[in-house]
Amino acid sequence: MVRQTSIIAFNDLKATKKHKTQKEIILDTLRQNKTPMSLQEICDRTNFQINAVSGRVWDLKESNQVVEGPQRKCTITRKTITPVRALRF
């Protein structure tokens, strides 16, 4: 059961627009980074789970806010990946 104080705090954040969505946090992370990032690197930076990052990055690709970069080795997994970067508006 969610406590009433938690509901009040959440509604206050929503009303004042002080909270950021996962997509906004991921997009900010990509914009702050100089090079394209792997999903695992985004997870490492944001502390989000891989399934959340994967879904949000897919959404960002669909809305043309993120594009793929050239393939390279991930700095975390050492596997060949196709990193993503934010388009700068």
Side-chain angles (χ1 to χ4, degrees):
M1 181 179 205
V2 179
R3 293 182 188 259
Q4 188 63 30
T5 53
S6 296
I7 294 170
I8 292 169
F10 175 76
N11 288 334
D12 180 52
L13 284 174
K14 235 168 71 173
T16 59
K17 305 279 187 199
K18 290 181 183 174
H19 77 293
K20 287 189 173 186
T21 66
Q22 286 182 335
K23 278 202 297 192
E24 291 170 328
I25 292 169
I26 290 169
L27 195 55
D28 286 347
T29 300
L30 289 168
R31 285 183 176 145
Q32 291 168 5
N33 205 46
K34 300 270 189 260
T35 59
M37 298 177 75
S38 73
L39 299 183
Q40 196 61 51
E41 291 164 343
I42 296 169
C43 290
D44 188 55
R45 190 75 60 88
T46 61
N47 292 320
F48 295 152
Q49 297 294 317
I50 190 72
N51 60 329
V53 170
S54 179
R56 301 306 76 76
V57 167
W58 188 85
D59 290 343
L60 290 165
K61 282 181 188 178
E62 288 292 307
S63 63
N64 295 316
Q65 294 179 287
V66 167
V67 294
E68 294 180 347
Q71 287 189 342
R72 65 168 175 82
K73 296 276 187 190
C74 175
T75 60
I76 297 171
T77 65
R78 306 306 307 159
K79 294 180 180 178
T80 301
I81 51 94
T82 303
V84 294
R85 67 176 176 83
L87 290 175
R88 309 231 183 246
F89 297 122

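Remark: Asp28 engages Lys20 in a side chain to side chain donor-acceptor pair (under 3.5 Å) (not counting sequence neighbours). With sequence neighbours excluded, no residue satisfies side chain to side chain donor-acceptor pair (under 3.5 Å) with Gln40. Taking Asp44 as the reference, nothing meets the salt bridge (Lys or Arg N to Asp or Glu O under 4.0 Å) condition, with sequence neighbours excluded. Remark: Arg45 pairs with no residue by the salt bridge (Lys or Arg N to Asp or Glu O under 4.0 Å) rule, at least two apart or across chains. A search for side chain to side chain donor-acceptor pair (under 3.5 Å) contacts involving Thr82 returns Gln71, not counting sequence neighbours.
Through chains of ILVMFWY side-chain contacts below 4.5 Å, Leu39 is grouped with Ile25, Ile26, Leu27, Leu30, Met37, Ile42, Phe48, Ile50, Val53, Val57, Leu60, Val66, Val84.
Annotation: salt bridge (Lys or Arg N to Asp or Glu O under 4.0 Å) contacts involving residues 64-79, sequence neighbours excluded, comprise Glu41-Arg72, Lys61-Glu68.
Nearest heavy-atom pair, Pro36 versus Gly69, reported as atom, atom and distance to 0.1 Å: CG-CA, 4.4 Å.
Counting non-hydrogen atoms of neighbouring residues, nucleotides and ligands closer than 6.0 angstrom, the CD atom of Glu62 exceeds 12 such neighbours.
Atoms CD and CD, on Gln65 and Glu24 in that order, are 9.5 Å from each other to the nearest 0.5 Å.
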